[in-house]
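Just so you know, these numbers come straight off a predicted model, no measurement behind them. Numbers here are sequence positions counted from 1. Heavy atoms only: backbone and side chains are in, while hydrogens, waters and symmetry mates are out.
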Amino acid sequence: MTNTFPKKERLKSKKLIEALFSEGQSVSAYPLRLVYLETTLKTDVHAQTGISVSKKHFKRAVDRNRIKRLMREAYRLKKGAFFNNITTQYALMILYIGKKMPTYTEVESKMNQLLAKFLNDIK
């Protein structure tokens with residue numbers, strides 16, 4: 001698995017997102033929360049992932065976009081190590097539930113913890 005985050009790996013389907021939040025399970029490593037659902041995807045990827053930051057806690061779009069960029073970068077670099085060994089397909093949504101602006105090192109360490117918890121949950 002390459003260290004890229006192409007369009008086919010991004011979660012965009014409204015039906016799948018609704019199913020994810022109604023039927024999915026979650027794990028969290030504060031300030032990140034991962035909601036996941038085992039599903040069959042139309043593409044040949046292991047997981048389709050969406051990233052979200054609450055407008056309630058971060059009013060300015062600049063701040064929300066910065067946090068999403070940090071989360072996407074951390075996910076992009078770590079996903080290869082975690083998803084090379086799974087065979088089923090998943091829909092994932094990573095949410096930032098904290099109230100203060102994080103640094104990249106915080107996001108990166110929490111992303112590691114979050115993905116490790118996810119792997120322990122599905123095994």
Side-chain angles (χ1 to χ4, degrees):
M1 183 174 272
T2 61
N3 282 347
T4 60
F5 191 40
K7 202 171 208 174
K8 66 182 180 178
E9 289 183 11
R10 295 178 190 241
L11 182 61
K12 295 183 183 256
S13 167
K14 288 191 183 212
K15 286 182 183 178
L16 194 52
I17 291 170
E18 285 175 11
L20 183 65
F21 283 109
S22 64
E23 303 165 21
Q25 299 172 317
S26 72
V27 293
S28 68
Y30 188 83
L32 300 179
R33 182 171 163 234
L34 174 74
V35 181
Y36 64 93
L37 179 66
E38 186 176 329
T39 186
T40 305
L41 303 171
K42 294 176 183 169
T43 60
D44 61 339
V45 296
H46 295 297
Q48 282 191 340
T49 307
I51 307 258
S52 180
V53 179
S54 172
K55 196 174 188 178
K56 180 179 177 183
H57 299 301
F58 296 95
K59 303 287 186 209
R60 296 173 50 208
V62 176
D63 295 335
R64 291 192 304 274
N65 291 339
R66 168 106 179 126
I67 295 169
K68 287 191 277 188
R69 271 199 313 274
L70 295 175
M71 290 168 56
R72 272 195 301 267
E73 181 67 7
Y75 174 77
R76 180 184 74 83
L77 293 173
K78 303 295 177 194
K79 70 173 180 163
F82 289 99
F83 293 117
N84 278 338
N85 300 330
I86 65 170
T87 55
T88 55
Q89 293 180 319
Y90 289 92
L92 309 173
M93 180 66 81
I94 304 171
L95 308 165
Y96 185 82
I97 55 175
K99 293 184 172 100
K100 69 177 190 76
M101 187 65 109
T103 63
Y104 177 72
T105 53
E106 292 170 3
V107 172
E108 184 181 32
S109 66
K110 294 301 180 176
M111 188 66 72
N112 270 341
Q113 291 176 15
L114 189 69
L115 292 175
K117 281 185 178 181
F118 168 66
L119 279 183
N120 287 340
D121 248 24
I122 62 172
K123 287 186 179 179

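Here the straight-line distance linking atom CG of Leu77 with atom CZ of Phe5 works out to 12.0 Å at 0.5 Å rounding.
A heavy-atom distance below 4.5 Å is not found between the side chains of Leu92 and Gln48. The shortest distance between side-chain heavy atoms of Arg60 and Asp63 falls below 4.5 Å. Looking only at side-chain heavy atoms (C-beta outward), Thr49 and Arg10 stay at 4.5 Å or farther from each other. With contacts defined as side-chain heavy-atom distances shorter than 4.5 Å, the pair Ile94/Ser52 does not qualify.
Here the side chain of Lys79 pairs a donor or acceptor atom with the backbone of Thr4 at under 3.5 angstrom.
Between Phe118 and Tyr90, the distance separating the two ring centers is shorter than 6.0 angstrom.
The salt bridge (charged side-chain N to carboxylate O under 4.0 Å, His left out) pairs that include a residue from residues 24-52 are Lys8-Asp44, where partners are two or more places apart or lie in different chains. Listed by first and then second residue, the salt bridge (charged side-chain N to carboxylate O under 4.0 Å, His left out) pairs involving residues 86-102 are Lys100-Glu106 (not counting sequence neighbours).
When hydrophobic side chains of Ile, Leu, Val, Met, Phe, Trp and Tyr are connected at separations under 4.5 Å, Leu37 ends up clustered with Leu11, Leu16, Ile17, Leu20, Phe21, Tyr30, Val35, Leu41, Val45, Met93, Leu95, Ile97.
Closest heavy-atom contact between Tyr75 and Ala47: OH-CB, 4.3 Å. Taking both residues in full, the closest heavy atoms of Lys117 and Ser28 are given as NZ-O, 2.7 Å, listed atom of the first, atom of the second, then distance.
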Worked verdict on Tyr96 versus Ile51 for side-chain contact (heavy atoms from CB on, under 4.5 Å) | CA-CA 8 Å; Tyr96 185 82; Ile51 307 258; over 6 Å; no

Take Met71 and Leu32, measure what side-chain contact (heavy atoms from CB on, under 4.5 Å) needs, and give me the verdict at the end.
-> CA-CA 9 Å; Met71 290 168 56; Leu32 300 179; 4.0 Å; yes

Worked check of side-chain contact (heavy atoms from CB on, under 4.5 Å) between Lys110 and Gln113 | CA-CA 5 Å; Lys110 294 301 180 176; Gln113 291 176 15; 3.7 Å; yes

Kindly determine whether His46 and Gln89 satisfy side-chain contact (heavy atoms from CB on, under 4.5 Å), including the steps that lead there.
-> CA-CA 5 Å; His46 295 297; Gln89 293 180 319; 5.8 Å; no

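Within 6.0 Å of CZ on Arg72 lie more than 12 heavy atoms contributed by other residues, nucleotides or ligands.
Using a cutoff of 4.0 Å between basic side-chain nitrogens and carboxylate oxygens, Glu73 and Arg76 are scored as salt-bridged.
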